[in-house]
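First the structure, in the form of structure tokens, and then the observations on it.
In this chain, numbering begins with 1 at the start of the sequence shown. We count ligands from 1, going down the list as the structure has it; atoms in each ligand are counted the same way.
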Amino acid sequence: MKVLGIDIGGTGIKGAVVDTKRGVLKSDRLRILTPHPATPDAVADVVARIATHFEWDGPVGTAFPGVVRDGTVHTAANLDPAWVGQSATDAFAAATGASVVTCINDADAAGEAEAAFGAAKGVGGVVLVVTLGTGIGSALLVDGRLVPNTELGHLSLHGDDAEHYAAESVRETQALSWEDWAARVNEYLHLVEDLFWPDRFVLGGGVSKQADKFIPLLDVRTPVVPAELRNKAGMVGAAEVARRTAAEGHNHDGRLRRRR
Ligand code: BGC
């Protein structure tokens, strides 16, 4: 099935048509800068522009950089706080006119994609997918099944949110060398592994394209591999979740569309 996957980030909003059977993009990727302020209306407007660009009237899967339960946003650390309490699925369904619209946390979407098609496929035990971008996201997989909304980027490190110390955006804004930034990521992963004892870390986010510059510098006890879907994981995972929802015959609000 083809699904429009949209990954909403603190910096950019990316969309592409995804072939959910193989977990690959079937179109070019369209990236639009995240509006400031990133209010619900402004972000929904970008989502609508992406759907229009692809002349899309099928299912839409979205990934959002905050806690999302049943389509409703509960936190939005790197977007406008007006999102809190809003239904993202209602907003995006209204903006696109699509009848199947899903929304889950962005790191969880990356985790779903890596579990279905990438570095966590067929891997048993506990896998932690950590996305390094504007913030730090986490997806906890147990025997391939997601435990949603783990939010491990907000663990405290040196008295502040870990994402303010070790996210990819911090490497850029503070112009850290790869060595200095890798040392920070290393400290963060030590903290996480001491709490969760995962069998594998999968490191994702845009920086996973440059995995060879920092993964060899890490000395955590847990094996670390780069995300295989790189920065496509959010779009692919979001699309995969919408595919499942469409296959189950649910509307964006979770109500059954047809009897099975
Ligand atoms: C948010 C997470 C998100 C992560 C990556 C954090 O600030 O709280 O929900 O997954 O950034 O975007």
| Given the rule that I, L, V, M, F, W and Y join up when any side-chain heavy atoms are under 4.5 Å apart, are Ile13 and Leu25 in one cluster? | no

Enumerate the atoms of ligand 1 whose separation from the nearest heavy atom of [X] is less than 4.0 angstrom.
X	result
Gly66	9 (O)
Asn105	2 (C), 3 (C), 9 (O), 10 (O)
Asn78	7 (O), 11 (O)
His154	1 (C), 6 (C), 7 (O), 8 (O)
Gly137	4 (C), 5 (C), 10 (O)

Can you pull out the closest protein heavy atom to [atom]? Residue, atom name and distance to 0.1 Å, please.
atom	value
atom 4 (C) of ligand 1	Ile136 O, 3.4 Å
atom 6 (C) of ligand 1	Glu163 OE1, 3.2 Å
atom 2 (C) of ligand 1	Glu151 OE2, 3.2 Å
atom 12 (O) of ligand 1	Asp106 OD2, 2.6 Å

Taking all non-hydrogen atoms of both residues, which atom of [X] and which atom of [Y] are closest, and how far apart?
X	Y	value
Glu114	Arg230	OE2-N, 4.2 Å
Thr96	Ala51	CG2-CB, 3.9 Å
Ser138	Asp108	O-OD1, 3.5 Å

Flag if over 12 foreign heavy atoms under 6.0 Å of CG, Asp45 | yes

Would you say CZ of Arg145 has more than 12 non-hydrogen atoms from neighbouring residues, nucleotides or ligands within 6.0 angstrom? no

Is it the side chain, the backbone, both or neither of [X] that has a heavy atom closer than 4.0 Å to ligand 1?
X	result
Asn149	neither
Ala77	side chain
Asp108	neither

Any carboxylate oxygen within less than 4.0 angstrom of a Lys/Arg side-chain nitrogen, looking at Glu112 and Arg244? yes

Regarding Arg184 and Glu187, does a basic nitrogen lie under 4.0 Å from an acidic carboxylate oxygen? no

